[in-house]
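The structure appears right after this line, and notes come after that.
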Amino acid sequence: MQLTKEAAEQKLSELKMDDLPLINITPQKASLSSDWFIKYKKACHEFALSLTDSIEELAFMNLSQDDFMNLIMGKKIPTNLSIRFRIPLLYGGEISPDNMFMCWTFPNSYRLDKFIADQAGSQTIWLPNPTKKIYISAHTASGGDGGNATSDRLSQLAAQLSQNRGME
């Protein structure tokens, strides 16, 4: 279904994701090489390693220390978190950390899938394009159990990790 920008914004509002900016694209024919999954896993790993600059957003996700460390070290994506493409591969997006963002699988990723799937066959597709690497809906944002202490604790962990990697 072809949407106008206003109709796309209304649909996002109904999905309680009206804080997401939209971009419009003209879908491009896409084909994947046989090694696409290897490239995808590598890009996800690079994306996870880049999250040390997103400590404030990660603090709002209320991750355990183990989940947090495994995530920013690129070892494991915590349960109920998804890495998504800003421009899906189906529409000509690239397998690149720059084309990725993270959000809760439920409800955000499910809602985004519905929003995008409802536009199948359109000449112009409206895509949510979060301003940061991590999308946390303003409708569901709540700090971690530790309040500011959680953010401080995660900031210290990230600073220590960066120092250990020689990234200061």
Side-chain angles (χ1 to χ4, degrees), residues 12 15 17 19-25 27-28 30-117 119 125-144 150-168:
L12 275 180
L15 295 171
M17 301 176 88
D19 55 339
L20 275 169
L22 290 169
I23 59 171
N24 65 336
I25 64 158
Q28 305 297 314
S31 63
L32 296 175
S33 62
S34 60
D35 65 343
W36 76 270
F37 192 71
I38 294 167
K39 291 177 182 177
Y40 169 72
K41 295 302 276 182
K42 182 180 179 197
C44 286
H45 180 76
E46 290 172 13
F47 175 80
L49 291 175
S50 78
L51 292 175
T52 54
D53 66 0
S54 302
I55 300 304
E56 187 174 317
E57 292 80 20
L58 287 170
F60 274 100
M61 300 192 104
N62 198 21
L63 301 174
S64 71
Q65 183 172 336
D66 286 342
D67 282 346
F68 171 80
M69 292 304 293
N70 284 334
L71 175 61
I72 64 172
M73 292 178 71
K75 290 183 178 179
K76 183 180 175 193
I77 305 298
T79 302
N80 198 31
L81 286 181
S82 295
I83 296 177
R84 296 190 56 96
F85 288 109
R86 293 176 184 277
I87 300 175
L89 301 179
L90 174 67
Y91 296 139
E94 296 181 10
I95 299 175
S96 162
D98 293 336
N99 188 35
M100 296 176 160
F101 69 95
M102 180 176 280
C103 66
W104 291 113
T105 303
F106 181 82
N108 298 5
S109 191
Y110 290 136
R111 290 175 179 169
L112 291 172
D113 286 343
K114 178 173 177 21
F115 177 78
I116 294 168
Q119 299 179 72
I125 305 288
W126 292 96
L127 297 172
N129 190 28
T131 56
K132 298 183 178 184
K133 292 178 185 177
I134 299 175
Y135 171 68
I136 301 171
S137 172
H139 296 280
T140 60
S142 62
T150 300
S151 180
D152 293 344
R153 176 178 52 87
L154 295 180
S155 294
Q156 290 169 358
L157 287 170
Q160 182 180 11
L161 180 64
S162 294
Q163 182 179 18
N164 291 345
R165 289 184 185 166
M167 298 170 57
E168 288 188 308

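The figures that follow rest on heavy atoms only: side chains count, while hydrogens, waters and symmetry mates do not.
Lys41 contributes atom NZ, which lies 11.5 Å from atom CD1 of Ile38 (distance to the nearest 0.5 angstrom). With rounding to the nearest 0.5 angstrom, the OH atom of Tyr40 is 14.0 Å from the NE2 atom of His45. Rounding to the nearest 0.5 angstrom, the gap separating the OG atom in Ser54 from the CE atom in Met102 is 9.5 Å. Summarising the geometry, atom CD belonging to Glu56 is positioned 6.0 Å from atom CZ belonging to Phe60; distances are rounded to the nearest 0.5 Å. Between Asp67 atom CG and Gln65 atom CD the span is 10.5 Å, to the nearest 0.5 Å. For the atom pair OG of Ser31 and CG of Leu90, the computed distance is 11.5 Å after rounding to the nearest 0.5 Å.
Residues forming a side-chain contact (heavy atoms from CB on, under 4.5 Å) with Asp53 (at least two apart in sequence, or on another chain): Lys133. Scored by the side-chain hydrogen bond (donor to acceptor under 3.5 Å, both in side chains) test, Lys132 finds Glu57 as partners (sequence neighbours excluded). Residues satisfying the side-chain contact (heavy atoms from CB on, under 4.5 Å) criterion with Ile25, sequence neighbours excluded, are Ile23, Ile87, Tyr91, Ile125, Leu127. For Glu46, the salt bridge (Lys or Arg N to Asp or Glu O under 4.0 Å) partners at least two apart in sequence or on another chain are Lys42.
Among residue pairs with one or both ends in residues 96-106, none qualify as salt bridge (charged side-chain N to carboxylate O under 4.0 Å, His left out); sequence neighbours excluded.
A donor-acceptor contact shorter than 3.5 Å is absent between the side chain of Asn99 and the backbone of Gly93.
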Is there a side chain to side chain contact (heavy atoms under 4.5 Å, CB included) between Leu112 and Phe101 once you walk through the steps? CA-CA 12 Å; Leu112 291 172; Phe101 69 95; 3.8 Å; yes

Start with the C-alpha distance between Phe37 and Leu32, add both sets of side-chain angles, then the distance that settles side chain to side chain contact (heavy atoms under 4.5 Å, CB included), and finish with yes or no. CA-CA 9 Å; Phe37 192 71; Leu32 296 175; over 6 Å; no

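Closest non-hydrogen pair, Ile134 versus Met61, comes out as CG2-SD, 3.8 Å. The nearest pair of heavy atoms linking Ala43 to Pro97 is O-CG, 3.7 Å. Of all heavy-atom pairs between Leu20 and Pro130, the closest is CD2-CG, 3.7 Å. Shortest non-hydrogen contact noted between Trp126 and Leu22 is CE3-CB, 4.0 Å. Taking both residues in full, the closest heavy atoms of Arg86 and Asn129 are given as NH1-OD1, 2.8 Å, listed atom of the first, atom of the second, then distance.
Among Ile55, Asn62, Leu51, the single residue meeting the side-chain contact (heavy atoms from CB on, under 4.5 Å) criterion with Phe68 is Ile55.
Contact check for Met100 versus Phe85: side-chain heavy atoms found under the 4.5 Å cut-off. Inter-residue side-chain proximity for Met17 and Tyr135 is flagged as met; some heavy-atom pair is nearer than 4.5 Å.
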Output a table of donor-acceptor pairs, distance under 3.5 Å, between side-chain atoms of residues 69-84 and any protein atom two or more places apart or on a different chain; print 'none' if there are none.
from  : atom 1 : to     : atom 2 : distance (Å)
Asn70 : ND2    : Asp66  : O      : 3.2
Asn80 : OD1    : Phe106 : N      : 2.8
Asn80 : ND2    : Phe106 : O      : 3.3
Ser82 : OG     : Thr105 : OG1    : 2.5
Arg84 : NH1    : Ser109 : O      : 3.2
Arg84 : NH1    : Ser109 : OG     : 2.7
Arg84 : NH1    : Asp113 : OD1    : 2.8
Arg84 : NH2    : Asp113 : OD1    : 3.0

